[in-house]
2 protein chains.
Amino acid sequence: MDQVEIFKALSNKTRLQILEWLKQPAQNFPEQPDGFKDGVCVGQIQQKAGLTQSTISEYLSTLQRVGLVIVTRKGQWTYYKRNEKTFAELSNLIKATL
Amino acid sequence: MDQVEIFKALSNKTRLQILEWLKQPAQNFPEQPDGFKDGVCVGQIQQKAGLTQSTISEYLSTLQRVGLVIVTRKGQWTYYKRNEKTFAELSNLIKATL
DNA sequence: AATATATATCGGCTTTTCTCGATATCCCAA
DNA sequence: TTGGGATATCGAGAAAAGCCGATATATATT
């Protein structure tokens, strides 16, 4: 868990936004028909964020690299969901170390 | 409390370091003779960090701008100390919002 | 008033981040 | 096996951040 890298990942309005959206997938992504077991696919997130596909893809990969989200490939789709374990660790770290 | 700006301020090894040092001023800044009521002065921090005076001055001003430290001018010295209130808020925010 | 010390600000150079369009890859369906 | 849709990667230009040296400002001392 690299503190600096995590804070960098959180230093962007859109990435923070995505993480919040992923807290309530059903509410925030009504277009996605299937359940949200594995999270939300890139296209849905991209559409809601209003940035280009490549940008969102890179943002999600950034979040995944620092462990804030978990990725699941399924056919031609890639689903992203929050990794709550990392959020809990971060909260503890801020309380303890910071 | 601007989340993005706070995370930006925390996205730097040296600034994180400074915040940790300021948790235990007496241990980390034995050179400073007087009490630590108002914190530690810029020169002490600069010396320990090993970056230039201008860089450290700017870093401290960044931390102050987002409310992570409190500044007190006293004569020709400027003392910086942690603003624990903001840290507590941040920890809560991460637990609640993030 | 002149000087010395502590800190802040400015200008600049280098590296990183933001964001895009274009292209490549991967997977499914006909 | 060819085409189409979803995602990833690449290359690039603009903006921001990381640092520095030089200079300005403020305060204290003589």
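Just so it is clear, the model here is predicted, and its values are computed rather than measured. Lettering of chains follows the sequences in order, A, B, ..., and the numbering in each one begins at 1.
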Take B:F29 and B:L22, measure what side-chain contact (heavy atoms from CB on, under 4.5 Å) needs, and give me the verdict at the end. CA-CA 9 Å; B:F29 302 94; B:L22 291 181; 4.2 Å; yes
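- You'll find the side chain of B:D2 stays beyond 4.5 Å of the side chain of B:V66, heavy atoms only.
- If you take CD on B:Q27 and CZ on B:F36, they are separated by 8.5 Å, rounding to the nearest 0.5 Å.
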Determine all donor-acceptor pairs shorter than 3.5 Å in which one atom belongs to a side chain in residues 89-98 of chain A; sequence neighbours excluded.
none

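- Under the 30°/60° scheme for interplanar angles, the aromatic rings of B:F7 and A:F7 are found to lie parallel.
- For the pair A:L68 and A:T86, the minimum side-chain heavy-atom distance is below 4.5 Å.
- At least one side-chain heavy atom of B:Q3 sits under 4.5 Å from a side-chain heavy atom of A:L16.
- For the atom pair OG (B:S11) and CG (A:N12), the distance works out to 10.5 Å, reported to the nearest 0.5 Å.
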Please tabulate, one pair per line, all N/O donor-acceptor pairs under 3.5 Å involving side-chain atoms of residues 41-50 of chain B, not counting sequence neighbours.
{"residue": "B:Q46", "atom": "NE2", "partner": "B:L51", "partner atom": "O", "Å": "2.7"}
{"residue": "B:K48", "atom": "NZ", "partner": "B:N28", "partner atom": "O", "Å": "3.4"}

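- Protein chain A contacts DNA chain D over a range whose 5' and 3' limits, counting nucleotides with an atom under 4.0 angstrom from a non-hydrogen atom, are D:dG5 to D:dT9.
- Put simply, the side chain of A:N83 never gets that close to the backbone of A:I70: no donor and acceptor are under 3.5 Å apart.
- Interface residues of residues 7-24 of chain B facing DNA chain C, ordered by number: none; criterion, heavy-atom separation under 4.0 Å.
- Judged as a salt bridge (charged side-chain N to carboxylate O under 4.0 Å, His left out), and not counting sequence neighbours, the contacts of B:E84 are B:R82.
- A heavy atom lying under 4.0 Å from DNA chain C marks the following residues of residues 36-48 of chain B, by number: B:C41, B:V42, B:G43.
- A donor-acceptor pair shorter than 3.5 Å can be found between the side chains of B:T55 and B:T52.
- The shortest side-chain heavy-atom distance between A:L19 and A:L10 falls under the 4.5 Å cut-off.
- Annotation: the span from A:Q17 atom CD to A:Y59 atom OH amounts to 12.5 Å, rounded to 0.5 Å.
- Place A:E5 and B:Y79 on DNA chain C by their nearest nucleotides, and B:Y79 ends up nearer the 5' end.
- Comparing the local axis fitted to the first five base pairs of the helix from C:dA1-D:dT30 to C:dA30-D:dT1 with the one fitted to its last five gives a bend of 10°, rounded to 10°.
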Sugar-phosphate means primed atoms, P, OP1 and OP2; the rest is base. With that split, encode nucleotides 24-30 of chain C 5' to 3' as B, S or - using protein heavy atoms under 4.0 Å. ---SS--
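- Near DNA chain C, meaning a heavy atom under 4.0 Å away, the residues from residues 49-70 of chain B are B:Q53, B:S54, B:S57.
- Sorted by first and then second residue, the side-chain hydrogen bond (donor to acceptor under 3.5 Å, both in side chains) pairs involving residues 61-76 of chain A (not counting sequence neighbours) are A:D38-A:K74, A:T62-A:R65.
- Residue B:W77 shares its hydrophobic cluster (ILVMFWY side chains chained together at separations under 4.5 Å) with B:Y79.
- Within the structure, salt bridge (charged side-chain N to carboxylate O under 4.0 Å, His left out) pairs that include any residue of residues 9-20 of chain B do not occur (at least two apart or interchain).
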